[in-house]
Amino acid sequence: MNFNIEIPFFREKIFNILDYGAQSSLEFNNREAIQKAIDTCSVSGGGMVFIPNGYFLSGPIQLKSNVNLHLSENAVLQFTKSKEEYPLLWTDYEGQRRIRAVSPISADSQVNIAITGKGIIDGNGALWRGIKKFKLTSKEFERCMAKSPYFIETNEGGIWCPTQTVYEGILNGEPDYNDPNALELASKYYDLYRPVLVSLRKCNRVLIEDVTLQNSPAWNVHPWFCTNFTMKNAKIRNKFSAQNGDGLDLESCQNCEIVGTVFEVGDDGICIKSGKNKEARKIIGPCRNVWIHDCKVFDAHGGFVIGSEMSRGVENLIVEDCSFIGTDIGIRFKSAMGRGGVVKDITIRNIWMDNIIEEAIIFTMGYVLKNLETTETDEMQSTLKEDIPEFKDVTLENIYCKHAKTAIKIQGLKELPIHDIHFNNVHISSDFGLKFSFCKDIYLNSVYLTVNNQQEIYLNQKVEE
């Protein structure tokens with residue numbers, strides 16, 4: 001497979017942050033020194049901004065064209081948290097125009113940029129994130145309450161809040177985004193609006209290689225309308241309890257390669273998105289020409305995921321030679337009425353999975369946060385043709401899963417069934433087998449299921465439900 005993905009290149013000139021006033025110190029804020037090194041590097045023709053071994057604290061920084069931000073093997077770059085350094089702005093998050101705090105690392109409309117090296121970039125996300133109580137052990141919950149006494153009861157058992165402003169922000173809710181004063185109204189509760197760790201918008205020729213990116217306030221890496229994006233041999237980490245702690249959310253990007261990367265996160269591992277609902281469909285921008293291979297995902301909600309924000313469409317993807325271990329769901333396609341958009345021309349092959357908590361493979365048009373099984377929400381009542389999402393022309397072959405609760409679930413829509421899905425040489429052991437509804441032209445060719453120790457074999461079968 002060759003999508004002609006362009007890799008960034010840099011001249012051999014080094015800009016050491018120590019030469020711009022940086023200090024390896026537990027207290028010193030290196031934001032100005034690092035940004036000065038980046039700016040100088042960019043305007044002088046580019047090169048490597050070098051972060052040597054040591055601990056470097058910093059406020060948010062912006063990558064610029066022709067800059068390779070490189071961390072030495074024992075370098076730690078950890079980000080601060082303050083209302084002054086992280087003002088709120090309008091951006092795109094979860095598929096829509098949203099208010100968020102400034103990201104620790106960002107780049108907008110830049111060309112030829114990279115984050116490389118074997119060091120660690122830490123977003124200090126634990127200072128931002130609330131945590132659902134059921135995700136914590138009793139000892140962990142006690143430690144959280146010792147740090148902050150703010151707790152909100154919910155029907156899921158409650159949410160611990162790291163600060164009073166997060167607590168009050170949840171109780172007050174987000175402002176009406178049509179209000180011209182929305183940013184000002186939200187600013188009082190700035191840390192409710194957790195940023196993604198690495199925000200890349202409309203950039204071309206981007207490389208993330210070898211580095212460890214961890215402890216993000218919200219999503220870890222979010223490329224948005226980028227072209228020629230490569231992530232290679234990186235490590236993407238978050239605690240299991242990290243709310244919205246996605247690994248990679250590749251949104252409306254083209255010509256991308258994700259290779260050799262390990263994900264262990266608090267939400268979806270490798271996720272493909274393209275905007276949410278009618279608002280997103282005003283901009284043409286499918287996520288397409290993506291090659292994902294030789295990656296591992298641990299302890300995520302989903303190993304490989306498309307959606308639920310897929311309103312601008314997803315097409316021409318290959319996922320191969322990957323392992324998903326201990327994830328909630330293995331391979332996950334999710335959407336809902338109102339999204340619109342088409343997901344098509346997807347090949348997933350040579351996948352090994354073990355200890356999948358729910359479905360090994362799921363296609364669902366019934367995705368809502370509160371209840372994955374219901375389709376009775378206001379959002380899903382539209383019958384406009386453009387609001388109906390579509391999954392089609394997907395091939396899954398050489399798929400092996402040692403254990404899952406459910407082998408394969410397909411949950412379509414009466415208005416437009418999920419169709420033309422091909423399963424070839426699939427081996428799954430599970431508690432439950434096939435659960436199909438509102439689908440047609442589902443082809444099962446050499447599908448071997450072991451359901452409660454009883455074998456089910458589908459050698460060449462076409463299924464409609």
Side-chain angles (χ1 to χ4, degrees), residues 95 267-268 271-274 276-277 300-311 313-314 317 319 324 327-346 348 351 353 356-396 399 401 403-423 426 428 430-444 447 449 451 456 458 461-465:
D267 211 308
D268 290 331
C271 195
I272 307 298
K273 297 180 181 291
S274 65
K276 181 178 178 182
N277 296 351
H301 284 190
F304 171 74
V305 181
I306 294 180
S308 67
E309 302 96 316
M310 43 70 71
S311 300
V314 176
L317 269 67
V319 183
F324 308 143
T327 60
D328 288 355
I329 295 171
I331 298 165
R332 186 182 196 186
F333 290 68
K334 55 181 178 177
S335 190
M337 184 69 86
R339 298 284 196 266
V342 180
V343 172
K344 65 178 182 178
D345 300 329
I346 313 294
I348 303 174
I351 306 296
M353 299 182 280
I356 304 301
I357 296 170
E358 297 294 338
E359 295 88 1
I361 302 168
I362 184 172
F363 294 77
T364 179
M365 294 296 189
Y367 179 79
V368 287
L369 287 177
K370 292 183 179 179
N371 186 345
L372 293 182
E373 300 299 327
T374 182
T375 56
E376 301 299 322
T377 67
D378 291 341
E379 180 184 29
M380 304 173 75
Q381 294 305 306
S382 173
T383 56
L384 297 174
K385 183 178 180 181
E386 59 266 28
D387 285 339
I388 303 173
E390 184 174 13
F391 292 157
K392 67 176 182 178
D393 301 330
V394 179
T395 297
L396 301 102
I399 310 293
C401 179
H403 184 264
K405 182 177 179 181
T406 300
I408 305 171
K409 182 175 182 179
I410 301 179
Q411 179 189 30
L413 294 168
K414 181 169 57 177
E415 294 84 355
L416 181 57
I418 294 169
H419 63 97
D420 291 285
I421 311 297
H422 298 258
F423 296 90
V426 174
I428 303 173
S430 58
D431 298 328
F432 300 95
L434 306 179
K435 293 185 177 182
F436 290 178
S437 63
F438 297 117
C439 59
K440 67 177 184 179
D441 296 333
I442 309 301
Y443 298 91
L444 305 176
V447 174
L449 305 182
V451 181
E456 298 178 7
Y458 305 87
Q461 227 167 300
K462 179 179 173 182
V463 179
E464 296 190 13
E465 292 289 343

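As a basis for the values below, the full set of heavy atoms in this structure was taken, side chains included, without hydrogen atoms, waters or symmetry mates.
The pair Asp441-Lys462 meets the salt-bridge criterion, since a charged nitrogen lies less than 4.0 angstrom from a carboxylate oxygen.
Between Phe363 and Phe333, the ring planes lie parallel to each other; the angle is under 30°, not in the 30° to 60° tilted range.
In this structure, Arg339 contributes its side chain and Ser308 its backbone to a donor-acceptor pair below 3.5 Å. With Ser274 contributing its side chain and Met310 its backbone, the two residues share a donor-acceptor pair below 3.5 Å. In terms of modelled atom types and a separation under 3.5 Å, the side chain of Lys273 and the main chain of Gly307 share a donor-acceptor contact. In this structure, Ser335 contributes its side chain and Pro389 its backbone to no donor-acceptor pair below 3.5 Å.
The distance from the CD1 atom of Ile348 to the CD1 atom of Ile361 is 8.0 Å, given to the nearest 0.5 Å. Atom CD1 of Ile399 is separated from atom CZ of Phe423 by 9.0 Å, given to the nearest 0.5 angstrom. Once rounded to the nearest 0.5 Å, the distance linking CD1 of Ile362 with NZ of Lys435 reads 9.5 Å.
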Legend entry - side-chain contact (heavy atoms from CB on, under 4.5 Å) between Ile346 and Thr395, worked out: CA-CA 6 Å; Ile346 313 294; Thr395 297; over 6 Å; no

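Counted by atom type alone, Glu390 and His419 present one or more donor-acceptor pairs between their side chains at under 3.5 Å.
Taking Phe436 as the reference, Ile408, Ile410, Leu434, Cys439, Ile442, Val463, Glu465 meet the side-chain contact (heavy atoms from CB on, under 4.5 Å) condition, with sequence neighbours excluded. In this structure, the side-chain contact (heavy atoms from CB on, under 4.5 Å) partners of Glu358, at least two apart in sequence or on a different chain, are Ile329, Lys405.
No side-chain heavy atom of Lys344 sits under 4.5 Å from any side-chain heavy atom of Phe391.
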